[in-house]
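Structure first, then comments.
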Amino acid sequence: MSTVTGTPGTRPSRGPLTDLLTGGGRSRRVLWLVLAVLVLVSAVRVISGEEALTSSSTIAAALLLAVPIALAALGGLFSERAGVVNIGLDGMMILGTWGAGWAGYQWGWGAAVVGGLVFGAAGGLLHAMATVTFGVDHVVSGVAINILAMGIVRFLSELIYIDNPAGGGAGQSPPLSSQPPEFSLPVLSSGPDLLGSLEERGWFLISDLAGLLRGLTSDVGVLTVVAVLMIPAAYLLLWRTAFGLRLRSCGENPAAADSLGVPVYRLKYIAVVISGALSGLGGVFLVFIANIYREGQVGGRGFIGLAALIFGNWRPGGLAAGAGLFGFSDALQLRSRTAVVALFLLVAVLLAVVAVMQARRGSYLPATIAGVFAVAALIGFLTIQQLPAGIVFFTPHLTTLLVLSLASQRLRPPKADGLVYRRGEH
Amino acid sequence: MSRLRRAGLALFGPALAIVVALVAFLIVIALIGKDPINALRVVTDLGDTPSQQTQSIVVILNRAVPLFLAGLAVSIAFRMGLFNIGVEGQYRLATIMAAAAGAAVALPAPLHVLLIIVVAMLVGALWAGIVAVLKVTRGVSEVISSIMLNFVALGLASFLLTGPFLGSGAGASIVTTKTIPESGWFPGLNGVLTGLGLAEPRSELYGFLLVAIVVGVLTAVLLKRTRFGFDLRATGLSPSAARASGVDARGMVVKTMLLSGAVAGLIGLPELLGDAHEFGTEFTAGLGFLGIAVALLGRNSPLGIAVAALLFAFLDRAALPLQFADIPSSVVTIIQGTIVLAVVIANEIARRLALRSAERAASSATSPPADGAGGGGGGTPPDGGPDGGRRAGTPVAGEQQGAQA
């Protein structure tokens with residue numbers, strides 16, 4: 001255990017400070033990156049005076065908005081790791097919202113969860129039947145499910161909610177009969193509320209950290225905690241168990257998996273049904289936020305979940321980061337239109353860093369482009385007071401796109417993702 | 001005889017799909033306790049008087065034109081293996097820009113219309129071009145970037161509509177851009193209809209139908225008869241093989257997306273130039289997403305897309321009469337989804353049947369194949385390769401051989 005220094009392959013020590021900064025491999029680098037982002041955001045908050053940037057209410061809203069997207073992305077993870085592309089996430093999420101609304105108004109929040117899971121899973125089952133049993137092109141099936149889901153929920157609503165004594169109509173359900181429970185961490189966020197008082201001091205970094213922690217620990221729904229825990233759970237299930245290895249082998253090389261006795265068809269079925277159930281659960285969260293099922297509630301979040309999945313390189317940690325980024329910028333634009341302007345400063349700093357790095361590497365054209373945009377963003381920050389509503393609306397989408405185009409792209413989808421596997425035809 | 005069977009198998013797919021969709025429709029109607037036969041009559045009944053019938057035909061055609069253009073835009077990218085999910089944003093942004101440009105200038109009629117079309121195509125192409133540039137230079141997946149740009153386009157459009165391009169008065173319930181002057185309107189085709197001896201319909205048949213046909217033919221020629229089209233299809237079938245034969249993959253991505261976006265820019269124009277003459281909150285939305293379904297249903301061939309667009313438009317027309325007959329009009333959406341799914345499943349079953357019969361024929365015939373009447377049939381290179389229809393391979397190839405002999 002203790003003789004790590006002697007093993008071949010590790011680099012020679014370059015002094016304690018360098019080791020601290022660059023050693024330790026991937027996880028250490030991620031840690032530093034997170035810290036750097038925190039310091040940067042904190043600095044931007046102090047300079048621009050936009051407290052909403054790291055306030056606990058923003059963070060709490062971000063968590064609430066990120067969870068449905070993360071669940072959809074998690075659904076996509078199961079499906080695509082088993083080799084089935086799932087464009088139908090959005091449709092399954094729509095089915096989930098309807099199921100949650102229908103079961104929730106009659107029997108309360110527990111039934112809403114079950115209803116959402118079952119309806120989502122039904123969508124997944126349809127996708128599995130089409131793609132695995134009938135070998136249909138995965139994109140076609142997914143698109144068809146998106147259309148079907150929209151038709152089915154509208155149809156069912158017209159059938160059940162019109163003239164329903166409990167309320168509702170062609171576009172919405174009656175309100176849920178009970179709300180899921182919430183809790184706050186004692187001492188830290190409730191009672192004496194240590195974090196809250198720290199947050200109000202406005203200290204550089206410390207108050208930001210307090211805001212972040214308080215947002216994550218006060219008034220958190222029990223289900224939110226469960227949903228967040230599902231991300232490490234999915235990692236353990238897919239990467240640390242035999243079941244997970246077999247499931248992923250279906251997405252990498254189904255023929256080889258089949259030859260080793262892995263039940264490819266069955267595993268694909270299981271994966272896609274889980275995928276539908278998780279997207280449906282994402283829909284349940286949307287229903288909980290509004291306390292009602294409403295048509296158009298999903299608003300393309302299934303597609304954004306898909307984007308988060310690709311953003312995260314088909315890995316649980318990555319998709320959580322993608323969903324978190326999206327949720328944060330979405331919360332920011334919802335809470336404060338002026339705080340979005342502060343993001344310009346953030347972008348300016350980031351682009352300036354990119355410009356310097358590119359220039360040092362000797363690629364002057366990208367450096368110039370990044371520099372020009374950095375200056376433009378800085379000017380934007382200094383001159384614009386408040387952005388119009390239409391522009392602010394797409395902050396999260398543009399942020400995701402910006403981060404994607406700045407980050408290095410070393411994506412590796414599962415090798416057999418989207419390919420139709422027929423036993424004996426390969 | 002085997003040729004007959006092949007043709008039968010090729011027709012089997014669509015026929016089965018129609019039967020499945022029909023059965024699904026009847027079951028759904030029966031489930032809600034209505035008379036299925038009556039519902040079917042409502043869907044297929046175009047009207048009692050000649051004028052009503054022409055009116056229905058005009059409604060169907062007017063709906064089919066934008067659907068066709070949307071399907072075409074999606075299919076161009078699909079042929080190359082790119083999934084342009086961003087057609088929705090491309091056409092919305094292009095339409096509002098074109099509406100604003102058209103309202104801002106006054107030109108002689110043909111030039112005015114031309115200007116609006118050019119602006120729409122340019123905006124659509126540029127918006128799709130962002131996706132291509134991000135993919136080529138930064139490796140961003142076109143699926144993510146086009147989804148995100150959809151939202152950006154919708155936000156921009158709503159900002160432009162309520163801000164710089166606002167034309168309707170304050171307090172109006174429907175917010176619109178300024179109206180395009182009459183020189184920028186596209187003449188309708190009702191003269192042609194009455195010339196054909198049909199009754200005068202209530203609404204105007206979009207003259208843009210002709211433009212859509214021209215665009216469809218041009219696209220078909222471009223994809224089938226030019227070097228560019230060959231490169232595009234080859235890259236879609238096998239990127240590595242295309243690159244090995246000297247196709248500039250990055251350049252192809254940019255060109256294909258520009259082309260797809262330019263066609264996407266046209267989607268809103270039939271309505272803008274033929275009917276609405278302004279862009280507003282009531283402007284038809286969702287055509288880009290329906291275009292994906294239409295393209296897939298039409299198997300990415302311009303002719304197939306036209307058929308699929310007509311089918312979707314036919315079903316969409318039934319929504320209103322169904323509502324009058326006290327049947328939820330959302331049945332139409334369910335049927336559309338079922339058809340998309342049923343067609344591909346039926347095609348797959350047909351393909352498997354064809355494969356099985358071919359295998360049986362191969363195992364039974366130890367002598368040279370009996371139907372090689374043209375001679376040298378065994379030595380022909382495998383066709384179906386550059387046809388683009390991977391899954392359609394067997395039936396299509398069968399038809400072609402049949403046509404040769």
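Quantities reported herein were computed from a predicted structural model and do not represent experimental measurements. All chains are named by letter (A, B, ...) in the order of the sequence lines, taking the proteins before the strands, and each is independently numbered beginning at 1.
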For this session: Go through the atoms of Leu159(A) and report whether side chain, backbone, both or neither lie under 4.5 Å from a heavy atom of chain B.
Result: side chain

Under 3.5 Å, which donor-acceptor pairs do the side chains of residues 140-156 of chain A form with other protein atoms, sequence neighbours left out?
residue: Ser141(A); atom: OG; partner: His127(A); partner atom: ND1; Å: 2.8
residue: Asn146(A); atom: OD1; partner: Gly91(A); partner atom: N; Å: 2.7
residue: Asn146(A); atom: ND2; partner: Ile87(A); partner atom: O; Å: 3.1
residue: Arg154(A); atom: NE; partner: Glu158(A); partner atom: OE2; Å: 3.1
residue: Arg154(A); atom: NH1; partner: Glu295(A); partner atom: OE2; Å: 2.9

Exercise. In terms of heavy-atom proximity below 4.5 Å to chain A, should Val143(B) be classed as side chain, backbone, both, or neither?
Worked result: side chain

For this session: Measure distances from Ile334(B) to the heavy atoms of chain A and classify the residue's part below 4.5 Å as side chain, backbone, both or neither.
Result: both

For this session: Any chance you could measure Phe165(B), atom CZ, to Leu160(B), atom CG, to the nearest 0.5 Å?
Result: 5.0 Å

Exercise. Does one side chain, of Thr133(A) or Tyr269(A), offer a donor that lies under 3.5 Å from an acceptor on the other?
Worked result: yes

Exercise. For Ile335(B), is it the side chain, the backbone, both, or neither that has a heavy atom closer than 4.5 Å to a heavy atom of chain A?
Worked result: neither

Problem set entry | Under 4.5 Å from a heavy atom of chain A, the part of Val28(B) involved | both

Exercise. What part of Ile162(A) gets closer than 4.5 Å to chain B, counting heavy atoms only: side chain, backbone, both or neither?
Worked result: neither

Exercise. What parts of residues 296-303 of chain A touch chain B if we use heavy atoms and a cut-off under 4.5 Å?
Worked result: Gly299(A), Gly300(A), Phe303(A)

Seminar exercise, completed: Taken in chain and number order and not counting sequence neighbours, the residues that satisfy salt bridge (charged side-chain N to carboxylate O under 4.0 Å, His left out) with Arg294(A) are none

Problem set entry | Under 4.5 Å from any heavy atom of chain A - which part of Ile147(B) | side chain

Problem set entry | Part of Leu134(B) within contact of chain A (heavy atom distance under 4.5 Å) | side chain

Exercise. Which residue pairs satisfy the side-chain hydrogen bond (donor to acceptor under 3.5 Å, both in side chains) criterion with at least one member in residues 391-402 of chain A, sequence neighbours excluded?
Worked result: none

Problem set entry | Side chain Asn150(B), main chain Ile85(B), donor-acceptor under 3.5 Å | yes

